[in-house]
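Have a look at the structure below before the remarks.
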Number of protein chains: 2
Amino acid sequence: MDEVKIIEIKKSVFADNEKDANALRQELKHRGVFLLNLMSAPGSGKTTTLVNTINRLKDKISIAVMEADIDGDVDAIRIKEATGVPSIQLHTGGMCHLDAEMTRQGLENLELSNVDLVILENVGNLVCPAEFDTGSSANAMILSVPEGDDKPLKYPLMFSVCDLVLVNKIDVMPYFDFDLERCKQNVKMRNPNAQVIPISAKTGEGIDQFANWILSQISVLKYNHL
Amino acid sequence: MDEVKIIEIKKSVFADNEKDANALRQELKHRGVFLLNLMSAPGSGKTTTLVNTINRLKDKISIAVMEADIDGDVDAIRIKEATGVPSIQLHTGGMCHLDAEMTRQGLENLELSNVDLVILENVGNLVCPAEFDTGSSANAMILSVPEGDDKPLKYPLMFSVCDLVLVNKIDVMPYFDFDLERCKQNVKMRNPNAQVIPISAKTGEGIDQFANWILSQISVLKYNHL
């Protein structure tokens with residue numbers, strides 16, 4: 001089994017996370033690096049989605065991944081083994097989120113000079129990660145079918161800070177009481193600008209659309225930088 | 001649709017939550033009230049499990065429910081409509097957990113004089129609720145099959161503080177790569193004393209076993225109190 005670098009993240013000392021996050025976002029923009037902050041509840045399929053998406057993108061762009069977890073390194077190893085892209089594990093020291101300074105500590109352990117896209121897989125949690133701007137270029141979240149279409153009603157902030165909502169595990173929709181239209185309405189209520197893409201990380205449905213969304217976001221970042 | 005009481009919980013001012021939690025636990029024991037703190041990730045089926053379990057118990061014991069969420073009141077209304085037991089909604093003011101003082105604020109809004117069992121449905125989150133003792137008599141958590149059998153590896157504290165782990169949605173196990181034995185091993189690694197009960201809140205499988213576990217816990221509490 002591959003070994004991955006495990007970074008023990010220290011608690012941020014910055015009082016003003018918003019300022020720090022904006023500074024990091026600008027810095028990354030100038031370096032031409034698009035940072036995607038991917039959030040979700042535990043077990044929504046973030047890692048499987050990333051593996052499939054990275055495998056469709058890795059010949060077109062250069063990618064690195066940061067896997068944030070309370071403990072363990074299974075996700076970072078899986079990404080590295082299944083995609084071959086650089087992947088590091090961030091341990092949050094029991095904390096339920098990452099802020100901009102903690103994200104920066106992770107980025108310092110990646111070789112960014114030729115990287116177009118860094119994906120931060122945030123801690124599996126629909127509450128805390130939404131409260132802290134990581135300095136990411138965009139926020140995306142995965143809501144999986146078994147979790148239910150009512151989640152935007154219960155976790156309003158998460159849905160309001162996300163530019164993109166991936167509805168995953170649509171292959172098992174027949175076995176659950178999940179209404180995609182009702183889900184979209186609930187998402188729009190929290191965030192009229194959020195885009196919703198139904199996917200199945202297992203069958204691959206919708207992954208091309210997600211990959212294209214990422215490519216277009218990167219184009220906009222690089223174009224605006226020129 | 002029924003209306004439910006919504007309590008806006010204030011942030012705790014107590015510095016020593018552990019002390020406060022132990023005091024609340026003793027207080028409840030003297031009153032003969034068993035407080036079950038039920039935790040899980042979002043969408044694991046906590047509310048459906050509660051509805052089924054309460055309907056099997058409500059003729060034997062007197063039950064009240066506190067539903068904690070960041071926002072919304074759908075769960076408290078559903079419990080009240082589907083079971084008829086008193087149910088209130090606690091709003092955590094954006095916070096990702098409840099501590100003992102916040103739990104006490106909720107309990108003060110229930111009529112406890114004849115109640116045997118209070119169920120606290122904690123915020124859907126596998127990180128923060130595990131870090132704060134609510135003063136409960138016991139902790140239980142639900143891990144649902146679609147979340148994966150590796151969750152004890154990623155959320156160690158949650159599994160180590162729980163007396164009981166319910167593995168829910170076992171009716172959809174054929175559609176997911178979930179190994180019940182591997183799951184049990186992962187749970188035992190974090191907490192050798194935790195009991196594991198596989199259930200399906202949808203089909204009712206295992207719910208009797210969960211209901212009996214609750215009844216035996218209440219007997220022990222009441223017997224020890226006499």
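Proteins come first, then strands; the chains are lettered A, B, ... in the order of their sequence lines, and each starts at number 1.
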If one checks every heavy atom of B:Pro42 against chain A at 4.5 Å, the contacting part turns out to be both

Cross-chain donor-acceptor list, chain B x chain A, under 3.5 angstrom:
| unit_1 | atom_1 | unit_2 | atom_2 | d |
| --- | --- | --- | --- | --- |
| B:Asp75 | OD1 | A:Lys154 | NZ | 3.1 |
| B:Asp75 | OD2 | A:Lys154 | NZ | 2.7 |
| B:Gly124 | N | A:Tyr155 | OH | 3.4 |
| B:Gly124 | O | A:Tyr155 | OH | 3.4 |
| B:Asn125 | OD1 | A:Asn125 | ND2 | 3.3 |
| B:Asn125 | ND2 | A:Asn125 | OD1 | 3.3 |
| B:Pro146 | O | A:Lys169 | NZ | 2.7 |
| B:Lys154 | NZ | A:Asp75 | OD1 | 3.1 |
| B:Lys154 | NZ | A:Asp75 | OD2 | 2.6 |
| B:Tyr155 | OH | A:Gly124 | N | 3.4 |
| B:Tyr155 | OH | A:Gly124 | O | 3.4 |
| B:Lys169 | NZ | A:Pro146 | O | 2.7 |
| B:Tyr175 | O | A:Lys202 | NZ | 3.0 |
| B:Lys202 | NZ | A:Tyr175 | O | 3.0 |

Answer whether the closest heavy-atom distance between the side chains of A:Val172 and B:Val172 falls below 4.5 Å.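 Heavy-atom side-chain distance check fails, nothing below 4.5 Å.
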
Got B:Leu157 and A:Ile70 here, is their nearest side-chain heavy-atom distance under 4.5 Å?
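Contact flag for B:Leu157/A:Ile70 side chains = no.
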
Pair count under 4.5 Å, heavy atoms only, with chain B: among A:Gly148, A:Gly124, A:Ala41, highest is A:Gly124

TODO: Please report the closest heavy-atom contact between B:Val127 and A:Cys96, naming both atoms and the distance.
DONE: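 Looking at all heavy atoms of both residues, the closest pair is CG1-CB, 3.6 Å.
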
Chain B heavy atoms under 4.5 Å from A:Val145: which part of the residue, side chain, backbone, both or neither?
->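 No part of A:Val145 comes within 4.5 Å of chain B.
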
Note: vs chain A, highest number of non-hydrogen pairs under 4.5 angstrom among B:Pro146, B:Cys128, B:Pro156 is B:Pro146

